[in-house]
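Just so we're on the same page: letters track the sequence lines, and every chain starts at 1. Atom set for the values below is all heavy atoms of this structure, side chains included, hydrogens, waters and symmetry mates excluded.
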2 protein chains.
Amino acid sequence: MQFTKAEEYGMLGVLYLSEKKLGSITPLSEIAEAKGIPEKFLAKIFQSLSRATIVRSHRGVRGGFSLAKDPKEISVKEVLESIHGPYHLIKCTNNTEICDKSNFCSLRELLSIAERKLVQIFEDHTLADLVKWQKNKMIAI
Amino acid sequence: MQFTKAEEYGMLGVLYLSEKKLGSITPLSEIAEAKGIPEKFLAKIFQSLSRATIVRSHRGVRGGFSLAKDPKEISVKEVLESIHGPYHLIKCTNNTEICDKSNFCSLRELLSIAERKLVQIFEDHTLADLVKWQKNKMIAI
DNA sequence: GCTGCTATGCAGTTTACAAAAGCAGAAGAA
DNA sequence: TTCTTCTGCTTTTGTAAACTGCATAGCAGC
């Protein structure tokens with residue numbers, strides 16, 4: 001049970017954009033190099049983010065990506081779910097058909113609770129929050 | 001970010017034992033068949049559980065596995081961690097060397113928070129709790 | 001002490017999916 | 001028109017999960 005690289009890269013990407021002036025356009029190559037991410041892989045991730053209107057794409061010379069809205073308005077949950085779909089700790093959490101052995105499974109119940117807690121945390125934090133943490137910590141050091 | 005089959009099977013296995021009389025011995029074949037789990041795979045998982053003294057093994061005719069302690073004394077966290085080691089949502093959560101790009105990473109910070117919440121839930125629930133849920137629900141239906 | 005049953009331990013194989021790379025093409029700016 | 005950047009596929013690679021097999025060891029009953 002771990003985060004995937006796609007999720008990690010996606011988050012690093014939007015965090016990178018969040019630190020820039022709102023609306024400014026940054027090419028993928030810059031993000032990829034700055035964060036040490038394979039550019040083509042990042043491109044694929046940003047396509048998902050673009051479809052979810054978290055970022056906006058701009059083609060052509062001096063093109064790239066910009067945040068589609070204020071970092072304050074973008075939750076971590078939004079970013080993660082646009083990359084990998086809704087979170088589920090276990091496949092049958094929402095799909096009862098997969099595990100039809102019993103009409104009630106206490107394990108599924110526990111995982112649902114855990115899942116809700118987890119999603120709640122991701123929902124409660126925005127990109128702006130993370131950027132703020134980063135800045136505060138940097139000053140402290 | 002999902003549970004592995006090993007974790008799922010392991011939990012189902014110990015839950016199966018938890019429903020039996022404390023100390024009674026059940027062969028793997030019975031558990032495997034009852035829960036629809038590949039027997040050899042389950043055997044491997046139970047070896048881990050045995051080493052962690054969550055279950056006790058008994059060889060020979062009428063042998064099998066029994067819980068090593070009362071279900072009330074076994075937390076879900078114990079079971080899960082004995083199967084897959086300590087939980088980490090991201091590789092660098094505890095290993096700073098892996099991600100040396102910055103001395104502070106807000107993403108890591110957030111995941112640490114999430115991780116602690118998750119572990120807390122698993123620590124707070126015992127096998128006895130889950131069995132109780134199961135029974136109550138069954139009665140309700 | 002032989003036989004059958006069950007776990008043990010290690011060495012495999014297979015499968016699935018994440019991660020990454022590649023390429024032709026479209027859209028846009030200069 | 002040309003260069004740049006994203007777009008939308010396809011394909012490859014790498015790795016870990018999931019599963020299998022076999023020889024061995026321990027135990028019980030006869």
5′-ward residue of the pair B:G60/A:P38 relative to DNA chain C
B:G60
Contact string for nucleotides 9-14 of chain C, one letter per nucleotide 5' to 3', B = base within protein heavy-atom range under 4.0 Å, S = sugar-phosphate only, - = neither, reads B-----
If we count only N and O atoms by modelled type, under 3.5 Å, do the side chains of B:H125 and B:S75 hold a donor and an acceptor together?
no
Are there over 12 heavy-atom neighbours, none belonging to B:K132, within less than 6.0 Å of that residue's NZ?
no
Over how many whole Å does the gap from B:F3 atom CZ to D:dA16 atom C1' extend?
18 Å
NZ of B:K117: more than 12 outside heavy atoms within 6.0 angstrom?
no
Between NE2 of B:H58 and C1' of D:dA25 the distance, given in whole Å, is 17 Å
Would you find more than 12 non-hydrogen atoms of other residues, nucleotides or ligands less than 6.0 Å from A:E33 atom CD?
no
What residues form a salt bridge (charged side-chain N to carboxylate O under 4.0 Å, His left out) with B:E81, not counting sequence neighbours?
none
With a 4.0 Å cut-off on N to O distance, would you call A:K20 and A:E30 a salt bridge?
yes
Phosphate OP1/OP2 of C:dT8 contacted by B:S57 side-chain N/O (<4.0 Å):
yes
Would you say A:Y9 reaches C:dA20's phosphate, i.e. side-chain N/O to OP1/OP2 under 4.0 Å?
yes
Between atom CD1 in A:I25 and atom P in C:dA30, what is the gap in whole Å?
10 Å
Is there a salt bridge (charged side-chain N to carboxylate O under 4.0 Å, His left out) between B:E8 and A:R108? Walk through the geometry before answering.
CA-CA 10 Å; B:E8 185 183 334; A:R108 185 168 67 206; over 6 Å; no
Which whole-number value in Å describes the distance from B:L42 CG to D:dC19 P?
11 Å
dist B:I31:CD1 -> B:Y9:OH (nearest 0.5 Å) comes out at 14.0 Å
Nearest-nucleotide pick for B:R59, side chain only, options being D:dT7, D:dC6, C:dT6:
C:dT6
Report which part of the nucleic acid B:F65 touches: base, sugar-phosphate, or nothing (heavy-atom distance under 4.0 Å, all strands).
sugar-phosphate
Return yes when atom NZ of B:K69 has more than 12 non-hydrogen atoms of other residues, nucleotides or ligands closer than 6.0 Å, and no otherwise.
yes
Given atom CD of A:E39 and atom P of C:dA19, what is their separation to the nearest angstrom?
18 Å
Taking D:dA18, C:dA29, C:dA20 as options, the one with an atom nearest any side-chain atom of A:V61 is C:dA29
Which range-with-range stems can be found for DNA chain C when each stem has 3 or more Watson-Crick or G-U pairs in a row and both distances sit under 3.5 Å?
C:1-30 with D:1-30
Separation of D:dC6 atom P from A:L49 atom CG, nearest Å, is 13 Å
